[in-house]
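Since the structure comes first, as structure tokens, the remarks are kept for the end.
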Protein chains: 2
Amino acid sequence: MASTLLTPGSNAERSRLYNRGLVLGHIRREGEAGRAEIARASGLSTQAVSNIISDLLAEGWVVEAGRRLGQRGLPAVTYAIRAEAGAALGVEIRPDAVLAAWIDMSGHVLHGERIALSRARPEDVLPVLERLLARGQGAGVAIDALIGAGVVMPGPVGRTGLSGLATELPGWAEIDARAALERTLGLPVTVENDANTAAMAERVMGAAQGIDDFACLYFGAGLGLGLVAGGAVFGGAFGNAGEIGHIPVPARGGVQRLEDLASRMALARRLADAGLRTETVEDLETLHAACPPAYADWLEEASAALGHAVQILENLLDPETIVLTGALPPVILADLVARTPLPALSVANRPDRRHPRLIAGRVGRRAATLGAAALVVNTALSPRLVAPS
Amino acid sequence: MASTLLTPGSNAERSRLYNRGLVLGHIRREGEAGRAEIARASGLSTQAVSNIISDLLAEGWVVEAGRRLGQRGLPAVTYAIRAEAGAALGVEIRPDAVLAAWIDMSGHVLHGERIALSRARPEDVLPVLERLLARGQGAGVAIDALIGAGVVMPGPVGRTGLSGLATELPGWAEIDARAALERTLGLPVTVENDANTAAMAERVMGAAQGIDDFACLYFGAGLGLGLVAGGAVFGGAFGNAGEIGHIPVPARGGVQRLEDLASRMALARRLADAGLRTETVEDLETLHAACPPAYADWLEEASAALGHAVQILENLLDPETIVLTGALPPVILADLVARTPLPALSVANRPDRRHPRLIAGRVGRRAATLGAAALVVNTALSPRLVAPS
DNA sequence: GTTGAACCTTCAAGTGAGTTGAGTTAATCG
DNA sequence: CGATTAACTCAACTCACTTGAAGGTTCAAC
């Protein structure tokens, strides 16, 4: 479907774009790199890389970072991504609020905003976005530095822009969300689900830096799965991959949905059953320190369920690592990582691993919003032959 | 890892190669196509496509197929893949035998061979492959028409050629299998596992023709998963994706490995427990017609387990369809497809599907061997920017 | 039946990007 | 200090795609 609509044919111009992405991607991966080194890694001639670098320098995408001494021969001048070369906007649209974050090309957070909503219909949200843009500008984010925006919305979004699919936000299923957002923001927009953007956040500025193939379990309302393959988001055939919350796992002699066991809602329900009221993430954190029996039971049950999920993910996808991230306090994520049993029966159980099989995310609670921005940065600094759809 | 070793940089030569693949891929997908049509689909200029086609014609890769009348204007000359343009060899190395199949570029089977082995160490197998090549030639497959070979081996093969990993075939873990096979066969070799090649067989000449994103459940000794994403095999980070047999599924109040429920061995064991001896696939087929209680029980249990697998695959990967294939009689595959409950709680449960959610494969028992050859054809007729590793 | 619009295809000139090979500069090693 | 090694640059070259004009062929409208 997608391939017939795009124009994947290669010509000089697209080759150039692709090679630019290759150069930028290499520099980002390595932190800094010299021309000759990039040429060797990419298979391009040094001359070609040299030309590209001088363009990137002139356009302000990279800066001289230093010289590589210690070897024989003329010391290589190394280059690094210029953090201020551009900025990306991440927007998360929830039923009750719009969150926004601005980051620079190196993944540093420039600014954050939150505007409460009473309704989240398109006609309510779009004007709010304009206000957000203005606020960002007020906080010092140059509007012409913005190279794009990532938008997180709940519900199956689909890559096709087809309307008619059920969405949890009212009114959005009937319109072409991406086009409307692009018009309002005046920026190229990518729409993704929370788990996928969270994965990108971990890749660009969190625990999965430099990892090209991994899976990300995201604690939002339920439990989502973000898949990164070859350094890019993997969306499946229709862009709806990653609904891991729905899969059946064995529990207490029966079968339950994974997200009925391992999710913030599951925890909150467990605690409520025990008469413990938790409203905010802070409540969950405070209670974790005390660790009443209901909490301990949930940790037990959730980590057992996560163990099943890990076994499934590893055997199906063979990722380099699995990251636990999302709207749970870091202590709890770390606790879950520690408790989750790593199945012996797994292709991931090999001696020569570069990363632990399961790790805790590092971007914190705003993973989805930050990831929406990270998605844009990741795309800008990666080679791609076809335009994003 | 892989990306730093390959040379993904784009230049005129690689652009050409990529665009050739694009043209060939379009023609294969459509059956036949005209120059202008391909130009529109690929975003290339008609002139560029014209040049590529005339090269392909001169080299014998495509032939004139007809003219598209009925529209206004000069009728387009259409071209089709020339089946005899090349041939691919598929080899399956088992502990007790080597199977081989030759196919042409349109996926027609040219010839098949089977040579029994007493041992399957490299020094036993490699000479047998030379004999196979000779036999193929004797049966009319021109040796210089061969464009490559795909090889299926049991056990985690890994894409890296790293030795030291456990293999089910003795002696193969210690050597660089691909290099040894390339030396012996004198052909570019791709090594894959059975489930992935079976998926390719279904894509090139079976039930998944024209489908770019799907999953394939393969009944071999156990149960394997072949993943096709964007028209190519998806191997995961380390090339070992697809070990679905190991995942836990709920069954009879407990947890069991999927392949202890849904696999040929599971069926054979069930029947053996009931005093029914089954040695060959034919036995299984005969017995299916009679359908004794043990058989019915297994069908029940296996399809329930497959239902779980379907739910997991759909929610995790959102494929266009799932194909059931492998070394079970077609009747049984069809029966399993019919019995397997399709979970309502799935992102795949959408109204606008182009394909059924679960379908039976069509390449039959030799799926893995044929798929090894199909892998080569698929690669030759698809655009790719980086060389296969 | 004639005219014209629509469409495919080719020719020839032009452009952009990567490659090649020689030459320059600057560290390190002996 | 000179030889060696390595990064980098200059200029000429090549390759593949694009552009624009021209030539053909079919269908449809008048």
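Below, chain A is the first sequence line, B the second, and so on; all start at residue 1.
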Q | Whole-Å distance separating the CD atom of Gln71(B) from the C1' atom of dA6(C) | A | 9 Å
Q.
Using a 4.0 Å heavy-atom cut-off, does Ser45(B) contact any base of the nucleic acid, only the sugar-phosphate backbone, or nothing at all?
A. base
Q) Is any side-chain N or O of Arg16(A) closer than 4.0 Å to OP1 or OP2 of dT15(C)? A) no
Q) In whole angstroms, how far is the P atom of dG24(D) from the CZ atom of Arg35(B)? A) 17 Å
Q) In whole angstroms, how far is the C1' atom of dC15(D) from the CG atom of Leu17(B)? A) 14 Å
**Q.** Main-chain N/O of Asp213(B) paired to Glu320(B) side chain as donor or acceptor, under 3.5 Å
**A.** yes
Q: Let me know, please, whether Ala36(A) or Gly73(A) comes out on the 5' side of the other along DNA chain D by nearest nucleotide.
A: Gly73(A)
Q: Using a 4.0 Å heavy-atom cut-off across all strands, classify Asn51(B) as base, sugar-phosphate, or nothing.
A: nothing
Q) Using a cut-off of less than 4.0 Å, is there contact between a side-chain N or O of Arg14(B) and OP1 or OP2 of dA16(D)? A) no
Q: Would you mind classifying the nucleic acid contact of Gln47(B) as base, sugar-phosphate or nothing, using non-hydrogen atoms under 4.0 angstrom?
A: base
(Q) Tell me which one of Asn196(A), Leu375(A), Leu181(A), Thr379(A) satisfies side chain to side chain contact (heavy atoms under 4.5 Å, CB included) with Thr190(A). (A) Leu375(A)
**Q.** Under 4.0 angstrom between Asn19(A) side-chain N/O and dG18(C) OP1 or OP2
**A.** yes
Q) Given dT10(C), is OP1 or OP2 found less than 4.0 Å from the side-chain N or O atoms of Ser50(B)? A) yes
Q) Which whole-number value in Å describes the distance from Leu57(A) CG to dC8(D) P? A) 12 Å
(Q) Both Arg72(A) and Ala48(A) contact DNA chain C. Taking the nearest nucleotide for each, which residue is further toward the 5' end? (A) Ala48(A)
Q. Any side-chain N or O of Asn11(A) less than 4.0 Å from the OP1 or OP2 oxygen of dA16(D)?
A. no
Q: Respond yes when some side-chain nitrogen or oxygen of Arg68(A) is under 4.0 Å from OP1 or OP2 of dA6(D), and no when none is.
A: no
